Enquirer: 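Let me give you the structure first, and then I'll get to my questions.
Quick caveat: nothing in here was measured; it's all calculated off a predicted structure. The chain is numbered in sequence order, starting from 1.
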Amino acid sequence: MASTHHHHALDELNETQKRVHRILDAAQSPLSAYEVLDLMRAQGAVTPPTVYRSLDKLIEKGLAHRLESLNAYVTCKHPHHHEMAAFAICEACGSVKEFTDSMIGERLAHWSDANAFCPKKVTVEVRGLCDSCAK
């Protein structure tokens, strides 16, 4: 069940953005923008810019994340940790698990302070094998 934060953010979306969110939320694995586009076209005409704008809005609202290494999108599973998103990505089955780790965040904050750097967004992607695939 989505948190209260997510419900509030969902209420602020237009219908197209809600459709994109539902598609991402129902997906078993991360989806590229063009995979989202193909799934949306099954219910009517839609253009790539519309999908990209919707994905950008979901990210802005904290409802989705872009996985840089996969060039794909997932819904947010941790609505209150937007300063840093971390993901474990299985290279065998493609599963993605979102997680938080305060120690990673603290180390990055310490480094930023020590180097006079002001991060705007932090995404940590750890690639490897999930427990099932490692066996």
Enquirer: Decide yes or no on side chain to side chain contact (heavy atoms under 4.5 Å, CB included) for Val126 and Ile89, but give the supporting numbers first.
Expert: CA-CA 6 Å; Val126 181; Ile89 302 169; over 6 Å; no
Enquirer: Is any side-chain heavy atom of Asp101 less than 4.5 Å from a side-chain heavy atom of Val124?
Expert: no
Enquirer: Within the structure provided, determine whether Leu24 and Val74 are in side-chain contact (heavy-atom separation under 4.5 Å).
Expert: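 No, their side chains stay 4.5 Å or more apart.
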Enquirer: Who passes side chain to side chain donor-acceptor pair (under 3.5 Å) against Asp38, sequence neighbours left out?
Expert: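 By the side chain to side chain donor-acceptor pair (under 3.5 Å) rule, Asp38 matches no residue at all.
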Enquirer: Please say yes or no: joined through hydrophobic side-chain contacts below 4.5 Å, possibly via intermediate residues, are Ile59 and Val20 part of one cluster?
Expert: yes
Enquirer: With hydrophobic residues grouped by side-chain heavy-atom distances under 4.5 Å, do Leu37 and Leu31 end up in a single group?
Expert: yes
Enquirer: Closer than 3.5 angstrom, by distance alone: can the side chain of Asn14 be matched with the main-chain N or O of Thr16 as a donor-acceptor pair?
Expert: yes
Enquirer: State which residues pass side chain to side chain donor-acceptor pair (under 3.5 Å) with Thr75; sequence neighbours excluded, sorted by chain then number.
Expert: Asp25, Lys77
Enquirer: So with a 6.0 Å cut-off around CD of Glu68, is the heavy-atom count from everything else above 12?
Expert: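 More than 12 heavy atoms, drawn from other residues, nucleotides or ligands, come within 6.0 Å of this atom.
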Enquirer: If you look only at pairs with a residue in residues 123-135, which of them pass as a side chain to side chain donor-acceptor pair (under 3.5 Å), with sequence neighbours excluded?
Expert: Ser69-Glu125, Ser69-Arg127, Glu91-Arg127, Asp131-Lys135
Enquirer: Out of curiosity, Leu13 CG to Lys57 NZ, how far, rounded to the nearest 0.5 Å?
Expert: 8.0 Å
Enquirer: Examine distances only and state if a side-chain atom of Thr50 and a backbone atom of Val46 form a donor-acceptor pair shorter than 3.5 Å.
Expert: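 No, Thr50 side chain to Val46 backbone: no donor-acceptor pair under 3.5 Å.
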Enquirer: Decide whether Tyr52 and Ile23 are clustered together by the hydrophobic rule: side chain heavy atoms of Ile, Leu, Val, Met, Phe, Trp, Tyr closer than 4.5 Å, transitively.
Expert: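 Yes: a chain of side-chain contacts under 4.5 Å links Tyr52 to Ile23.
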Enquirer: So, using side-chain contact (heavy atoms from CB on, under 4.5 Å) as the criterion, who are the partners of Ser29 when residues are at least two apart?
Expert: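 Checked Ser29 against side-chain contact (heavy atoms from CB on, under 4.5 Å); zero matches.
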Enquirer: Say whether, by atom type as modelled, one donor and one acceptor occur between the side chain of Glu35 and the main chain of Ser32 under 3.5 angstrom.
Expert: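 Pair found, side chain donor or acceptor close to backbone of Ser32.
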Enquirer: Between Glu60 and Arg53, is there a side-chain N and carboxylate O pair less than 4.0 Å apart?
Expert: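 Looking at Arg53 together with Glu60, the answer is no, because their closest N to O distance does not fall below 4.0 Å.
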Enquirer: Atom CZ in Phe99, atom CD1 in Ile104: separation rounded to 0.5 Å?
Expert: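 Here the interatomic distance stands at 5.0 Å.
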Enquirer: Just checking His65 against Tyr73, ring centres under 6.0 Å apart?
Expert: no
Enquirer: Side-chain contact test, heavy atoms from C-beta onward, threshold under 4.5 Å: evaluate it for Pro30 versus Leu70 and give yes or no.
Expert: yes
Enquirer: Listing request: all side chain to side chain donor-acceptor pair (under 3.5 Å) pairs with a residue in residues 102-111, at least two apart in sequence or in separate chains.
Expert: none
Enquirer: Asp56: what forms a side chain to side chain donor-acceptor pair (under 3.5 Å) with it, not counting sequence neighbours?
Expert: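 With neighbours one apart ignored, the set is empty.
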Enquirer: Please check if Phe87 and Leu63 belong to a single hydrophobic cluster, counting links between Ile, Leu, Val, Met, Phe, Trp and Tyr side chain heavy atoms closer than 4.5 Å.
Expert: no
Enquirer: Taking the side chain as C-beta and beyond, is there a heavy-atom pair between Thr47 and Val51 under 4.5 Å?
Expert: no
Enquirer: Do you know the tightest heavy-atom contact between Leu10 and Lys18?
Expert: O-CE, 3.1 Å
Enquirer: Which heavy-atom pair separates Gln17 from Ser54 by the least distance, and what is that distance?
Expert: CG-OG, 3.7 Å
